[in-house]
Amino acid sequence: MKKIFISYYTILLLIATLSIFFTYICNSQKNIHYLTNVSNYIVKEHSPKKTISNPTIQIKENTIKIRFDLNNRFEKMDAFYQFAVFEFFTKHLRYLLFSDFKKSKFETYDYVLSAHTEQNSYVHRSKLSNKQLIYSNESSLSKNQKVIYTSNEFKKQHKKIATLFKREKINGYDDYEIFIYGRNFFNTMTKNGRYYNPKIDNQLVINAVTKKFGITVDDYAQLQKKYYILY
């Protein structure tokens, strides 16, 4: 009787283990499919001159790895624009994942983007210095295992980065100026994010910007999405 009980218990344990394993595999595939769809959307709608394509996703612990194909024109770009291609992608990815409210926390993961040509290998690494601030990323671009550009260098080129965007009017105001006002308001209120409280501060910024410029919440959301890389 004891042997029968032990065998029965062993079978139940095996079934439970297999169930957990297959559930994990199923969820992993769903996550990869989800991230692939979001990545393809970004490549299609926002990749400058379609320099990257065909994202392939891997998820390992708290890191998302994405491999791309490269357009031939990528090799002709200088380090600033090469970095901008990958940085633009990671910024959009974090923003869209954060905005989707799936509570997956994928927007807080470390990102490793890679691509290869016949001559060179490129790796862009991005991580958040503050998990509450999805734009507080620190990143670098390496070419053949040598760092050629960093986010610190990139942020110093604020005016040059702004020229990558077509400026438009919203309710008679320059959309870039509206963005700068909102960003400065946020930085002043939170001491550059040091005392950021998402539950309170996000709404305070939205209220301040929409009231000052007479724009809608949706207008400001689209503007944030457009200029998000400038944070």
- Side-chain heavy-atom pair H124, Q82 within 4.5 angstrom cut-off: no

- Message: Looking at every non-hydrogen atom in both residues, tell me the closest pair between Y176 and D174 and how far apart they are.
- Response: N-OD1, 2.8 Å

- Message: According to a hydrophobic-cluster definition based on side-chain heavy atoms being under 4.5 Å apart (Ile, Leu, Val, Met, Phe, Trp, Tyr only), do F154 and V112 belong together?
- Response: no

- Message: Between D78 and Y81 (side chain of the first, backbone of the second, donor and acceptor by atom type, cut-off under 3.5 Å), is there such a pair?
- Response: yes

- OG1 of T108 to CZ of F106, rounded to nearest 0.5 Å, is 9.5 Å

- Message: Are I180 and L204 linked, directly or through intermediate hydrophobic residues, by side-chain heavy-atom contacts shorter than 4.5 Å (ILVMFWY only)?
- Response: yes

- State, yes or no, whether a side-chain contact exists between Y111 and R94 at a heavy-atom distance under 4.5 Å. yes

- K166 and Y227: which non-hydrogen atoms are nearest, and at how many Å? O-OH, 4.0 Å

- Can you name the ring pair (Phe, Tyr, Trp, His ring centres under 6.0 Å) partners of Y149, sequence neighbours left out? F83

- Separation between CG (L70) and OG1 (T117), nearest 0.5 Å, reads 7.0 Å

- Item | From CG (N62) to NZ (K105), nearest 0.5 Å | 12.0 Å

- Query: Taking the side chain as C-beta and beyond, is there a heavy-atom pair between Y220 and I170 under 4.5 Å?
  - Reply: no

- Message: Among residues at least two apart in sequence or on other chains, which ones pass side-chain hydrogen bond (donor to acceptor under 3.5 Å, both in side chains) with K127?
- Response: none

- Message: I'd like to check R73 versus T51 (side-chain heavy atoms, cut-off strictly below 4.5 Å). Are they in contact?
- Response: yes

- Check: V85 and F74 side chains under 4.5 Å, non-hydrogen atoms: yes

- Message: Let me confirm one number: the CG-CG distance from L223 to D218, rounded to the nearest 0.5 Å.
- Response: 11.0 Å

- Should N171 and D219 count as side-chain neighbours, where that means a heavy-atom distance under 4.5 Å? no

- Query: Under 4.5 Å between side-chain heavy atoms, hopping through other hydrophobics if needed: is there a path connecting L113 to V147?
  - Reply: no

- Item | With sequence neighbours excluded, residues passing side-chain contact (heavy atoms from CB on, under 4.5 Å) with N72 | none

- Query: Between E87 and S139, is any side-chain donor less than 3.5 angstrom from a side-chain acceptor?
  - Reply: yes

- Message: The test is side chain to side chain contact (heavy atoms under 4.5 Å, CB included); show your working for Q224 and Y95 and say whether it passes.
- Response: CA-CA 9 Å; Q224 286 283 87; Y95 182 86; 4.1 Å; yes

- F88 vs I42, side chain to side chain contact (heavy atoms under 4.5 Å, CB included): CA-CA, chis, key distance, verdict: CA-CA 9 Å; F88 199 50; I42 297 170; over 6 Å; no

- Task: Just jot down the side-chain hydrogen bond (donor to acceptor under 3.5 Å, both in side chains) partners of S142, sequence neighbours excluded, or say none.
- Result: none

- Query: What are the two closest non-hydrogen atoms of V205 and G182, and how far apart are they?
  - Reply: CG1-O, 4.0 Å

- Y109 side chain reached by K65 side chain, heavy atoms, under 4.5 Å: no

- Item | Stepwise side chain to side chain contact (heavy atoms under 4.5 Å, CB included) check, L97 with L35 | CA-CA 9 Å; L97 294 176; L35 289 170; 3.8 Å; yes

- Could you tell me whether Q157 atom CD has more than 12 heavy atoms of other residues or ligands within 6.0 Å of it? yes

- Item | With sequence neighbours excluded, residues passing ring pair (Phe, Tyr, Trp, His ring centres under 6.0 Å) with F213 | Y173, Y181

- Nearest 0.5 Å, what's the CZ-OG1 distance between F186 and T188? 10.5 Å

- Message: If only side-chain N and O atoms count, and only distance matters, is there a donor-acceptor pair under 3.5 Å linking K91 with N137?
- Response: yes

- Task: Grab the two heavy atoms, one from I59 and one from I57, that are nearest each other, plus how far apart they are.
- Result: CG1-CG2, 4.3 Å

- Who pairs with E168 by side-chain hydrogen bond (donor to acceptor under 3.5 Å, both in side chains), at least two apart in sequence or on another chain? K226

- Message: Return the CG to CG distance between N37 and L96, rounded to the nearest 0.5 Å.
- Response: 12.0 Å

- Query: Just wondering, do V123 and L141 contact through their side chains at under 4.5 Å, heavy atoms?
  - Reply: no

- Item | P55 to T36 - nearest heavy-atom pair and separation | O-CG2, 4.3 Å

- Message: Please check if the number of heavy atoms outside Q145 that lie under 6.0 Å from its CD is greater than 12.
- Response: no

- Trace of the ring pair (Phe, Tyr, Trp, His ring centres under 6.0 Å) decision for F86 with F89: CA-CA 5 Å; F86 291 115; F89 178 90; 8.3 Å; no

- Determine whether more than 12 heavy atoms belonging to other residues, nucleotides or ligands lie under 6.0 Å from atom NE2 of H33. no

